[in-house]
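Nothing fancy with the numbering, it's 1 onward along the sequence.
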Amino acid sequence: MKDLLVRAGRPDELGVVEALLREASNWLASRGIDQWQYPPHRDRIAEALERGVCFLAFEDGKPIATIQVDDFADPDFWTPEDRPDTALYVHRMAVARAHSGSGVGSQLLAWASERAATQGKRWLRLDAWKDNQGLHRFYRNAGFNLLRIVDLPQRRSGALFQRPTGRDSDKKR
């Protein structure tokens, strides 16, 4: 395991976050995966940086990954029956290719799960690209369960995953 420092990104680090996401997009394209084949949503990333919910992970002072963790439950995917307020949600996680396969992604998800637990949330949730089976395996190996796939024609994402945070004050779910 790597010794990571995870902290909220600053607005002046927008380019760092974008570079990590672009690198992931290029790698996916090189493997024939159509996920993230559009420019990063600069406006959404900038807003997440301003709100303090876009994080960077550093090793030896260098940014090697990014993850957004917040309470936004995309209404296209998460229904009132899912009790969206019982979870934090992961968006736009990317690890620099030089550090892929070294456990950084799993460490970030564990960090996010702990963050959710300390905020009183029962679940850490995310939506993943529907047809990226390798990504689905990664999330299952990281302790997530596939809840369902929401198949909307305008959305390529829609594989809904969640894992418990370890907080068990909410026994109803």
Side-chain angles (χ1 to χ4, degrees), residues 1-70 72 74 77 87-116 123-147 149-150 155-163 165:
M1 286 287 188
K2 294 187 175 281
D3 187 23
L4 294 180
L5 165 69
V6 181
R7 66 157 172 80
R10 299 183 311 259
D12 65 339
E13 293 173 314
L14 175 61
V16 173
V17 174
E18 285 181 311
L20 287 162
L21 294 171
R22 269 193 237 98
E23 182 185 27
S25 172
N26 292 338
W27 177 77
L28 289 164
S30 76
R31 300 195 61 207
I33 300 170
D34 66 353
Q35 182 177 342
W36 287 2
Q37 297 309 300
Y38 46 80
H41 295 285
R42 182 171 248 262
D43 57 333
R44 294 179 192 169
I45 299 165
E47 189 265 338
L49 287 165
E50 287 289 337
R51 288 191 311 133
V53 296
C54 179
F55 301 89
L56 287 166
F58 294 82
E59 182 184 57
D60 298 327
K62 295 179 183 162
I64 63 167
T66 184
I67 187 172
Q68 183 175 326
V69 182
D70 60 29
F72 177 68
D74 190 324
F77 301 139
L88 284 186
Y89 298 82
V90 171
H91 313 278
R92 290 185 277 279
M93 184 174 85
V95 176
R97 298 309 312 152
H99 298 275
S100 68
S102 65
V104 172
S106 295
Q107 280 184 270
L108 280 177
L109 292 171
W111 173 88
S113 188
E114 180 61 30
R115 183 173 181 81
W123 304 105
L124 182 63
R125 293 179 173 157
L126 57 90
D127 62 271
W129 216 247
K130 290 180 278 195
D131 58 2
N132 187 336
Q133 294 304 311
L135 186 59
H136 295 193
R137 273 190 304 281
F138 169 76
Y139 287 127
R140 283 193 303 273
N141 289 338
F144 285 82
N145 292 310
L146 176 65
L147 292 178
I149 294 181
V150 177
R155 300 291 298 268
R156 298 299 306 270
S157 195
L160 306 186
F161 287 86
Q162 74 179 12
R163 83 180 211 186
T165 64

Side-chain (Ser106) to main-chain (Ala142) donor-acceptor, under 3.5 angstrom: no
Side chain to side chain donor-acceptor pair (under 3.5 Å) against Arg7, all qualifying residues, sequence neighbours excluded: Glu13
Set of side chain to side chain donor-acceptor pair (under 3.5 Å) partners for Glu47, sequence neighbours left out: Arg51
Distance in Å, Glu59 CD paired with Leu4 CG, rounded so as to fall on 0.5 Å steps: 6.5 Å
Val69, Val104, Leu108 screened by side chain to side chain contact (heavy atoms under 4.5 Å, CB included) with Met93, the one that passes: Leu108
Counterpart residues, salt bridge (Lys or Arg N to Asp or Glu O under 4.0 Å), relative to Arg97 (two or more places apart): none
Pairing residues for Ala87 by the side-chain contact (heavy atoms from CB on, under 4.5 Å) criterion, not counting sequence neighbours: Tyr89, Trp123, Arg125
Worked verdict on Phe138 versus Leu109 for side-chain contact (heavy atoms from CB on, under 4.5 Å): CA-CA 11 Å; Phe138 169 76; Leu109 292 171; 3.7 Å; yes
Distance (rounded to the nearest 0.5 Å) between Asp74 CG and His91 NE2: 8.0 Å
Exercise: identify the closest heavy-atom pair between Gly52 and Arg115: O-NH2, 4.4 Å
Side-chain heavy atoms of Asp70 within contact of Leu88, under 4.5 Å: no
Residue list, salt bridge (Lys or Arg N to Asp or Glu O under 4.0 Å) with Asp127, at least two apart or on another chain: none
Any residue meeting side-chain contact (heavy atoms from CB on, under 4.5 Å) with Ser113, in chain and number order, not counting sequence neighbours: Leu124, Arg163, Thr165
Pairwise distance CD1(Ile149) to NZ(Lys130) - rounded to 0.5 angstrom: 8.5 Å
Contacts of type side-chain contact (heavy atoms from CB on, under 4.5 Å), residue Glu114, not counting sequence neighbours: Thr118
Residues in salt bridge (Lys or Arg N to Asp or Glu O under 4.0 Å) contact with Arg44, at least two apart in sequence or another chain: none
4.5 Å side-chain heavy-atom contact, Leu160 and Leu146: no
Check against side-chain contact (heavy atoms from CB on, under 4.5 Å), Leu56 and Val17: CA-CA 8 Å; Leu56 287 166; Val17 174; 3.9 Å; yes
Least distance between heavy atoms, Ala24 atom then Ala94 atom: CB-CB, 4.0 Å
Pairing residues for Asn145 by the side-chain contact (heavy atoms from CB on, under 4.5 Å) criterion, not counting sequence neighbours: none
Nearest atoms (heavy-atom pairs only) where Leu14 meets Leu49: CA-CD1, 3.6 Å
Between CZ on residue Arg92 and CG on residue Leu126, distance to nearest 0.5 Å: 13.0 Å
Check: Asp131/Gln133 side-chain N/O donor and acceptor closer than 3.5 Å: no
Donor-acceptor contact below 3.5 Å, side chain His136 vs main chain Trp129: yes
From Leu21 atom CG to Asn26 atom CG, the distance as rounded to the nearest 0.5 Å: 11.0 Å
Gap between atom CZ of Phe77 and atom CG of Leu147 - 0.5 Å precision: 13.0 Å
Salt bridge (Lys or Arg N to Asp or Glu O under 4.0 Å) partners of Asp12, counting only residues at least two apart: Arg10
Contact summary for Cys54 and Thr66, nearest pair of heavy atoms: SG-OG1, 3.7 Å
Residues in ring pair (Phe, Tyr, Trp, His ring centres under 6.0 Å) contact with Tyr139, at least two apart in sequence or another chain: Phe144, Phe161
